[in-house]
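Just so you know, ligand 1 is whichever comes first in the structure, and atom 1 is the first atom listed for that ligand.
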Amino acid sequence: MADAQIFAEVEKKIDALRKEMIEFQKAITAIPAISPASGGTGEWDKVMFIKEYLQQKGFSGIEQVDAPDSQAKNGKRPNLVLRMPGKSSERTIWIMAHADVVPEGDLKKWNTDPFKVMEKDGKLYGRGTEDNQQSLTSAVFTAIAFKELNLKPEYNLNIILVADEETGSKYGLGYLLEHHKNWFKKEDIIIVPDSGLSDATQIEVAEKGIVWIKFTTKGKQCHASLPAQGINAFKAASNLVVKLQQLYKIFDKHNPVFEPPMSTFEPTKKEANVPNVNTIAGEDVFYFDCRLLPEYKVDQVLAEIQKMCHEVEKEFGVQIEFETTQQEDAAPATPADSPVVKKLKKAVNAIYGVDAKPMGIGGGTVAAVFRRAGFWAAVWSKIDDVCHQPNEYCVIDNMVDDAKVFANICLQND
Ligand SMILES: [Zn+2]
């Protein structure tokens, strides 16, 4: 059979699996896999269900890697790998999805039970249906389609189902790379379908560095009518907030891969100070969120911030302490011309008829964990991006057609 014919067969097969995909989504949504850090018991039940499901489908190459976590059910955070040998084992196509979901949040904002899927207007509503079960289902059913057609992918196809993506990946990809880094090769195709745009055009290849800072400004509390008797911490801190905007000028490089194309420096959270209007606050606490282009290091920014704090201390007679509550330099970017990007572009164009572009984003995805370990991972999926929100949903067409994208990649022989 010619390549086009084979792909048409696979497409037909995936379309025929649509109902099963929906049933699978319903079943896994009913097993909430919430991290202990978010008040749940972990992924055990959900992952065991998926493992059995795959075993019943006749898959044999399933490996389970448990990361110990005393807080979780059975003291374990299970990670699963499904291995399908390809025609060539020169390289491996990895598709990685995560099993955990975030908690449902405010139930009053949901129109339906978050853990019981409601199907309506071509969408599946429920917690986790989009993040990350849409892609999890697409990936699993790509493998099922190949299996049922008795077809081999061009290269090995390995599907990884990780734990703990939502709360830091320590028990998930972090654990796998710590203990099984040798599974992965530099030339492998690593796809993390956990972010994307509703028109399918975003291939995320780079992320900004991130630093969150807590500023505590200490002055002296006094009555508001006698300001000279105190030191107004809120006023000094406000001055610092304004001064910090100079960071945009100091770190002003542009990189068109990113949206937005520059580093960002924004004051965000503000803690309450005094409860009454006629008291001058002796202490003020605010927070700052910076996203840095890979051109800059977190330490460079912190050095500038230190200087600004000293200036405000001098001018207002306050003491300013700052500490980072999260800090990470940008991971090295996946090159825009790397095989994973090329394959994704080709497949996305074949299925969706659009031109997908390599892009950088400000938020962190788990792909950065791969990139820090020296592997070129790309993030792609076609989603409406309603993850973590009440009334989260998955567009059924996206779930089915993304599987065709994965299948197309599996059939590319370059
Ligand atoms: Zn996710």
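Residue contact annotation: Asp194 places an N/O/S atom under 2.8 Å from the Zn ion (ligand 1). Taking 2.8 Å as the criterion, Asp131 counts as a coordinating residue of the Zn ion (ligand 1), since one of its N, O or S atoms falls below it. Checking Cys387 against the Zn ion (ligand 1), every N/O/S atom stays at or beyond the 2.8 Å cut-off.
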Determine, stepwise, if the pair Asp384 / Lys123 fulfils salt bridge (charged side-chain N to carboxylate O under 4.0 Å, His left out). CA-CA 11 Å; Asp384 279 2; Lys123 292 171 181 159; 5.1 Å; no
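Annotation for Ala143 and Ile159: closest pair CB-CD1, 3.7 Å, computed over non-hydrogen atoms.
For NZ of Lys186, the number of neighbouring non-hydrogen atoms (other residues, nucleotides, ligands) closer than 6.0 Å is greater than 12.
A donor-acceptor pair shorter than 3.5 Å cannot be found between the side chains of Asp113 and Tyr125.
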